[in-house]
Amino acid sequence: MTFIPKPKLHHPDLQKNALGYTRRDYEGPVSTLCAGCGHDSISAAIVKACFELDIEPHRVAKMSGIGCSSKTPTYFLGASHGFNSVHGRMPSVATGANLANKDLIYLGVSGDGDSASIGIGQFAHAMRRGVNMVYIVENNGVYGLTKGQFSATSDKGAKSKRGVVNSDEAIDLVGLALQLGATFVARSFSGDKTQLVPLIEAALQHKGIAFIDCISPCVAFNNHEGSTKSFDYVREHNEALNSLDVISGREEITVDYEPGTMEMVTQHDGSVLALRKLHTSYDVNDRVAALTYMQERAAAGEIVTGLLYVDPNPRDLHAHLDTVETPLNALNDDALVPGARALERINAGLR
Amino acid sequence: MQPTDIHDPDYFHKVVDCQWACPAHTPVPEYIRLIADGRYADAFMINWKSNVFPGILGRTCDRPCEPACRRGRVEDEPVAICRLKRVAADFKGDVSDRMPPRPTTRNGKKIALIGAGPASLTVARDLAPLGYELVIYDGDTRAGGMIRSQIPKFRLPEEVIDEEVGYITAMGPEMRLGQRVDSLKGVLDEGYDAVFVGTGAPRGRDLPIPGREEGAANIHIGIDWLSSVSFGHIAKIGKRVIVLGGGNTAMDCCRSARRLGGDDVKVIVRSGFEEMKASPWEKEDAMGEDIPILNMLVPIAFIHEDGKLVGMTFDKVRAEYDARGRRNLVSTGEEPQFHGCDDVLVAVGQENAFPWIERDIGMTFDDRWDMPVVDETTFQSTLKNVFFGGDAAFGPKNIIWAVAHGHQAAISIHKFCQGEDVAVRPPPGVTVVSQKMGIHEWSYDNNVSLDLRFKVPHRDKFAALSDIKAEVELGFDLKLAFNEAQRCLNCDVQTVFDDKLCIECDACVDICPVDSISFTANGEEADLRTRLSAPATNQTQSIYVSQGLKTGRVMAKDEDVCLHCGLCAERCPTGAWDMQRFLIDVAQAESACCSK
């Protein structure tokens with residue numbers, strides 16, 4: 001744990017975004033996680049993504065549960081809203097918050113314990129309902145806060161720091177999310193911000209449930225030989241499908257790529273995802289193919305990363321429920337209490 | 001880029017910008033930490049070893065360290081290094097028992113030192129403990145040279161000079177004061193093993209324009225006038241005074257004139273305000289004493305009536321730059337300006353003069369300036385047993401340069417007398433020690449203070465102007481000193497990277513408050529500088545590049561604005577980063593000739 005605050009002094013040429021904020025303005029207090037924790041890198045990636053997208057900090061609600069991962073919202077976006085829920089219950093709280101005020105940007109941060117064990121039911125329902133939020137699982141395959149037991153995402157056959165071999169099958173959150181109808185599914189690695197930052201940016205712009213499974217090595221309990229979530233293992237077995245540029249608004253696409261290697265995904269709000277394809281035959285809009293491909297590559301021992309699936313025309317919870325345009329929390333009494341005459345009309349219609 | 005060789009003493013030395021910029025390479029952060037720790041005597045002795053005159057320099061130094069200070073690149077102003085030095089001198093108490101004892105045995109070599117200014121005194125300080133018999137000559141009756149004769153007492157009280165010059169005279173050199181040397185040959189004939197010439201730049205430049213002779217009674221050469229004021233020969237001046245010149249001597253002249261009866265004192269300078277040679281703070285102090293500085297005015301003539309000076313005329317000019325960027329002052333064509341005055345002080349430069357060195361004794365003088373040819377490293381003249389230093393060597397500079405020259409000349413003299421090659425310079429001593437005390441604890445205070453530079457309290461202006469001996473600056477008190485000391489970034493506590501331990505987790509990149517650290521593909525320096533977390537545009541600052549890491553990338557750290565806060569090392573899970581105090585001990589004569 002670091003005892004001193006991060007000095008306020010910054011690089012003299014530090015850039016400002018359209019709102020006049022620097023990247024440093026999106027930070028929070030110094031992390032109390034173990035030095036070198038992958039989660040801190042993810043926090044830094046979130047900071048960078050929000051800075052680059054000119055997001056107003058007060059328009060973001062950080063939602064989390066319990067665990068190392070769920071502590072991290074304290075360490076980024078210090079000027080945003082935050083809610084630490086009960087263990088594994090972040091998806092319900094986020095769903096409720098999103099129902100009440102759909103205008104905020106919901107950023108859920110969870111871990112493999114929080115989402116794949118105690119909260120797996122909650123995870124499943126947030127996916128299938130399509131809550132408009134970013135859902136990041138900081139996946140280290142281990143219970144760090146209780147000293148390194150296997151978690152539900154630990155691969156079968158992985159070795160713990162003490163040498164014990166995991167005999168249980170791993171829960172594949174990416175597979176679940178795809179099956180359950182998530183409209184944006186990605187996998188990334190905390191040690192590769194060049195990949196992670198654009199993915200978070202794209203997820204923040206996605207109008208539906210955007211799930212990112214982010215492998216995040218636990219340096220204290222799961223970064224040894226035999227682990228399948230260590231820096232070395234992930235780097236060795238990482239197969240990136242594509243690399244992403246997020247182009248928001250009317251910016252022109254100026255980057256030149258070889259023909260056939262670029263894929264443009266125009267999203268509902270007009271923003272464009274420019275995908276540089278590393279596997280040319282892979283179709284990022286084909287959910288069924290994605291599921292098959294993930295299974296195949298996993299069986300071959302590869303960790304597939306990148307944007308795995310995106311529905312360019314997603315529907316979210318509010319669309320399913322056909323709610324009004326105005327956020328529910330902003331509706332006044334006139335709209336909410338239609339009065340005796342309206343009630344009479346309804347009753348009459350039911351007779 | 002090639003991996004950085006951090007074992008080259010110069011690499012980390014350059015990171016300590018202040019120490020690197022100091023001609024005498026004073027370990028600045030080291031003594032500032034001691035001040036913060038209340039160890040004033042220790043802080044003083046570190047200074048004394050490097051720069052010999054801490055109390056004097058703490059008031060008068062030209063401070064090459066401060067523009068170099070890293071703090072000035074991350075916020076508005078550098079650490080007040082110079083005035084902290086004074087704090088060490090002010091609060092050190094009695095340090096006489098820490099001074100080197102008089103040697104009990106002589107080494108049989110006899111050295112003459114001509115001039116008793118900072119250069120000669122430094123040579124004496126370095127050589128006396130080694131057993132040399134030293135004879136110091138000076139035309140003045142008291143030692144100190146320009147420190148005593150030219151710096152006004154309201155900037156540097158007499159007691160401070162007495163004390164710090166006294167430490168050296170107490171080491172036992174023979175002081176032949178009041179004996180102006182008028183023949184080098186005569187000195188050489190006395191059989192010295194070596195002679196050091198530290199006679200300064202004693203001749204003030206004159207201004208031979210019309211009216212100079214007629215107005216002579218009220219036209220004074222700046223440094224001579226300051227010297228007469230200093231020794232009490234002059235105690236007043238006319239009410240209206242013009243000071244010509246834009247250097248620190250001009251600032252001393254105008255401020256002295258204000259204290260000796262000058263009510264209407266102005267400084268008139270050929271160049272623009274920014275190009276003036278005077279240090280910014282000296283200009284500020286002068287203006288603070290109601291002395292206007294008029295720029296871009298070239299003197300035309302001294303105007304006199306009935307044999308008495310009444311004023312001067314000036315041509316208003318503007319600066320034009322030619323294709324090569326050289327400045328020309330071109331008349332604006334306006335009517336000449338007249339400025340009335342009773343006295344003029346001419347402070348337009350000074351130069352060395354060696355009428356007392358015979359030209360037939362085998363010493364080579366250059367053709368252009370008629371100055372002795374002196375080696376820039378060894379300070380040896382072409383007459384192998386004669387060495388130069390201070391302003392006498394390469395023209396007017398500052399006290400700290402004289403001290404630096406003195407140290408080098410002392411090494412040369414020592415080597416020369418021991419029959420060794422003076423061109424082979426002794427290497428510095430380097431100590432690098434980890435500052436790690438616990439998992440996240442360091443033996444230096446790594447919490448970066450956000451305070452802005454503190455101002456040194458000044459004496460009340462009325463009281464200051466009414467007594468030429470009343471020191472204007474009162475110095476930091478201990479509380480101010482502590483707070484100012486805390487502004488130091490501890491640049492000597494180096495970030496040391498071990499590529500074998502790094503797991504490339506990015507923790508250091510994420511925590512670094514100034515975006516100094518990057519992990520990226522290696523490349524040519526010019527290309528690499530553009531690809532870092534923050535582009536490294538300050539070409540004077542190094543990029544610290546590691547060996548190739550597991551992913552094939554390298555760690556590249558821009559040293560430019562690193563706060564040395566140690567957070568990279570605190571957040572590093574494997575100890576690949578460590579904070580190590582780098583102490584470089586630049587060689588002095590004591591250890592110079594290791595063989596003897």
Side-chain angles (χ1 to χ4, degrees), chain A residues 1-15 22-24 27-48 72 75-76 140 189-194 196-197 216-224 227 230-236 238, chain B residues 70-76 438-442 445-450 487 489 501-516 518-520 532-538 549-553 558 560-577:
Chain A
M1 197 179 127
T2 293
F3 301 108
I4 67 164
K6 184 163 168 174
K8 288 264 184 290
L9 298 174
H10 58 70
H11 195 282
D13 300 332
L14 191 62
Q15 285 184 328
T22 68
R23 197 186 73 245
R24 297 288 307 276
E27 290 178 348
V30 171
S31 167
T32 58
L33 298 174
C34 309
C37 181
H39 296 0
D40 287 333
S41 281
I42 302 173
S43 297
I46 293 171
V47 163
K48 189 150 187 240
T72 63
Y75 315 131
F76 58 81
N140 56 18
F189 171 45
S190 71
D192 183 3
K193 281 206 204 65
T194 359
L196 179 57
V197 173
S216 172
C218 172
V219 287
F221 295 108
N222 207 4
N223 195 37
H224 47 268
S227 158
S230 65
F231 279 106
D232 286 351
Y233 186 90
V234 177
R235 285 197 170 113
E236 225 166 275
N238 191 345
Chain B
R70 179 164 280 107
R71 182 107 197 170
R73 298 201 292 274
V74 288
E75 56 125 315
D76 298 346
I439 295 179
H440 301 111
E441 239 175 307
W442 306 97
D445 192 348
N446 65 327
N447 199 356
V448 176
S449 158
L450 296 178
R487 293 182 70 241
L489 296 175
L501 294 175
C502 180
I503 58 169
E504 299 175 69
C505 69
D506 267 6
C508 51
V509 178
D510 296 335
I511 196 69
C512 178
V514 283
D515 303 328
S516 291
S518 308
F519 288 82
T520 184
L532 304 182
S533 302
T537 51
N538 186 348
L549 301 167
K550 262 191 185 165
T551 58
R553 302 178 297 175
D558 180 8
D560 186 16
V561 289
C562 171
L563 301 176
H564 297 257
C565 62
L567 285 179
C568 49
E570 284 195 19
R571 299 306 298 168
C572 181
T574 61
W577 284 107

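Proteins come first, then strands; the chains are lettered A, B, ... in the order of their sequence lines, and each starts at number 1. This structure is a prediction, so every number in the text was calculated from the model and none was measured.
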Heavy-atom distances under 4.5 Å only: say whether [X] touches chain A with side chain, backbone, both or neither.
X: N446(B); answer: both
X: I503(B); answer: both
X: L450(B); answer: side chain
X: V74(B); answer: both
X: C572(B); answer: backbone
X: C512(B); answer: backbone
X: S516(B); answer: neither

When only pairs under 4.5 Å are counted, which of V561(B), N447(B), T537(B), D560(B) shares the most heavy-atom pairs with chain A?
N447(B)
Identify which of C508(B), P573(B), A507(B) forms the greatest number of heavy-atom pairs closer than 4.5 Å to chain A.
P573(B)
Please name all residues satisfying side chain to side chain contact (heavy atoms under 4.5 Å, CB included) with L501(B), sequence neighbours left out, ordered by chain then number.
D498(B), T574(B), A576(B)
Nearest 0.5 Å, please: how far is [atom2] in [Y] from [atom1] in [X]?
X: D515(B); Y: D13(A); atom1: CG; atom2: CG; answer: 10.5 Å
X: S449(B); Y: L9(A); atom1: OG; atom2: CG; answer: 8.5 Å
X: L196(A); Y: D506(B); atom1: CG; atom2: CG; answer: 10.5 Å
X: D558(B); Y: H11(A); atom1: CG; atom2: NE2; answer: 6.0 Å

Below 4.5 Å, heavy-atom pairs only: which of T194(A), D232(A), V30(A) has the largest tally toward chain B?
D232(A)
If you tally heavy-atom pairs under 4.5 Å against chain B, which of G191(A), P12(A), A44(A), S41(A) wins?
S41(A)
What closest approach, in Å, do [X] and [Y] show between heavy atoms, and which atom pair accounts for it?
X: E504(B); Y: R235(A); answer: O-NH2, 2.7 Å
X: R571(B); Y: A35(A); answer: O-CB, 3.2 Å
X: L567(B); Y: P7(A); answer: CD1-CD, 3.6 Å
X: F3(A); Y: E570(B); answer: N-OE1, 4.1 Å

Which residue, K193(A), K48(A), K6(A), forms the side chain to side chain donor-acceptor pair (under 3.5 Å) with D510(B)?
K193(A)
Residues that E75(B) engages under salt bridge (charged side-chain N to carboxylate O under 4.0 Å, His left out), provided they are two or more places apart:
R71(B), R487(B)
